[in-house]
Structure formats: C-alpha cells, structure tokens
Colleague: 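My questions will all concern the structure given below.
Since the structure is predicted, the reported quantities are computational estimates derived from the model, not experimental observations.
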Amino acid sequence: MSFVRKPRPYSSGLPSFPSAPTAPSKEPVTPSPKPAPRVRPERGGKSAWATAVTALAVLGLVALLLVGGTGLVGQLWRDAQFRSAAAGVADVQR
C-alpha cells in the first residue's frame with residue numbers, strides 16, 4: 001500500500017483538457033476600487049527581544065575576553081618567573 005497522495009485531476013483549478021479560445025467580451029471593464037494602504041502603528045524602536053539578545057551577546061564577549069586575557073597574563077607571568085629562575089640557576093652554576 002502506498003502512502004503517497006494521488007494527484008486530483010482538478011486540484012490546480014485548471015481543466016485537464018485545453019479549452020477552446022473564447023471571444024473577448026465587449027463589456028467595458030471597470031477597475032475595482034483599491035483598498036486604502038494599511039498604516040502600521042509606529043513602534044518605539046527595536047523589539048525588547050533583540051535588545052536582550054544583543055546585550056547577552058555583548059556580555060558573553062566581555063566575559064570571554066576577560067577570562068582569555070587573564071589566562072594569557074597568567075601564562076606570561078609564569079613564563080617570566082621560569083626565565084628568571086633559570087637565569088638565577090645559570091648564574092650560580094658559573
């Protein structure tokens with residue numbers, strides 16, 4: 001049994017056979033009145049969700065830079081201490 005839906009012959013709204021050409025009507029066509037364009041209410045700036053997401057992204061970036069910066073400073077400090085200790089050991093050996 002297949003679960004694929006079979007197409008209906010008139011599902012597109014067009015007849016399945018070609019229609020004969022019809023003569024154009026002689027009645028004048030009156031344009032239908034166009035509805036007035038919708039006026040959107042003025043909103044006071046961006047949505048609150050966009051502001052909250054942006055603020056959280058900025059805070060996350062600041063936290064990432066702070067943690068990464070302190071880690072880098074700590075690594076450089078430790079490296080300077082090891083170099084200083086190695087220089088002291090080298091002086092004692094001479």
Colleague: Can you list, pair by pair, the side-chain donor-acceptor contacts under 3.5 Å of residues 54-73, counting residues two or more places apart and other chains?
Modeller:
unit_1, atom_1, unit_2, atom_2, d
T54, OG1, A50, O, 2.7
T70, OG1, L66, O, 3.0
T70, OG1, V67, O, 2.9

Colleague: Applying salt bridge (charged side-chain N to carboxylate O under 4.0 Å, His left out), which residue pairs with at least one partner in residues 57-77 are found, sequence neighbours left out?
Modeller: none
Colleague: Could I get the full list of side-chain contact (heavy atoms from CB on, under 4.5 Å) partners for R78, not counting sequence neighbours?
Modeller: Q75, F82
